[in-house]
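Quick note: numbers below take in every heavy atom, side chains included, and nothing from hydrogens, waters or symmetry partners. Indexing begins at 1, ligand by ligand and atom by atom, following the structure's order.
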Amino acid sequence: MIRTLRARLYSVSKFHTHNARVRSFSLSHKVYGGHGRSSSLIAGILQGHKGLWSNKNSCNGIKSFCTAQDLSMKKCVPCSSKDLRPMTEDAAHQLIRQVPGWDLVNEGGKWKLHRSWKVKSFTKGLEFFQLVANVAEGEGHHPDLHLVGWNNVKIDIWTHAVGGLTENDFILAAKINGLDLHHVLSKKTAK
Ligand SMILES: C[C@H](O)[C@H](O)[C@H]1CNC2=NC(N)=NC(=O)C2=N1
């Protein structure tokens, strides 16, 4: 049994070494089998494999790639959570890269996300707001909506409960970016 497992691990280790440049593993590691526990060597390989990403920015504390898609797949947490704190300026500058089209703005000492669009008409602007409102209601997290000069939509997003930015704001921005807005936006859409 142990011999079979070692042979299997060797092929796994060779595969990983060839394909993912994980740290080489000596096969002298004690291998446990037959108890349903993963072997120290398999865990080591997987750990080593993860090690290739461990120096990436942590996304919500989990070592992984944090992409725009990650954010749009996430769910906002209740802003009433006592653990919620505003993120640092550095963290905000990291995450802003994941929400193309949005800018970080500081208004009266409060960091916010800001984006503007030009819509086809005043009523298309209200339709735009309804699409955004549906997302916001689904997330329990809400943007500040502005419709100015009849066809200019501006959205600010920040977490009022903490007076700054939290990951909720970036999740909402990513989900707004995922909306199909072509039918409400003017061809001369603002950034
Ligand atoms: C209880 C619930 O989480 C709060 O009322 C929510 C509603 N939507 C919110 N939206 C935003 N942007 N900030 C908040 O602090 C907030 N609080």
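Going from atom CG of Leu131 over to atom CG of Leu181 covers 6.5 Å, rounded to the nearest 0.5 Å. The structure places CG of Asn168 at 10.5 Å from CD1 of Ile157, a figure rounded to the nearest 0.5 Å.
Not counting sequence neighbours, the partners of Asp180 by the side chain to side chain donor-acceptor pair (under 3.5 Å) test are His182.
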> Under the side-chain contact (heavy atoms from CB on, under 4.5 Å) criterion, do Asp169 and His141 qualify, and how do the steps go?
Replying inline: CA-CA 8 Å; Asp169 304 310; His141 198 67; 2.6 Å; yes
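Ion pairing between Glu107 and Lys110 fails under the 4.0 Å rule for side-chain N and carboxylate O.
For the residue pair Trp117/Asn152, the side-chain donor-acceptor check at 3.5 Å is not satisfied.
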Between ligand 1 and the protein, which N/O pairs fall short of 3.5 Å?
unit_1: ligand 1; atom_1: 3 (O); unit_2: Cys79; atom_2: N; d: 3.1
unit_1: ligand 1; atom_1: 8 (N); unit_2: Gly140; atom_2: O; d: 3.4
unit_1: ligand 1; atom_1: 8 (N); unit_2: His142; atom_2: ND1; d: 2.8
unit_1: ligand 1; atom_1: 10 (N); unit_2: His142; atom_2: N; d: 3.0
unit_1: ligand 1; atom_1: 12 (N); unit_2: His142; atom_2: O; d: 2.8
unit_1: ligand 1; atom_1: 12 (N); unit_2: Trp158; atom_2: O; d: 2.7
unit_1: ligand 1; atom_1: 13 (N); unit_2: His160; atom_2: N; d: 3.1
unit_1: ligand 1; atom_1: 15 (O); unit_2: His160; atom_2: N; d: 3.3
unit_1: ligand 1; atom_1: 15 (O); unit_2: Ala161; atom_2: N; d: 2.8

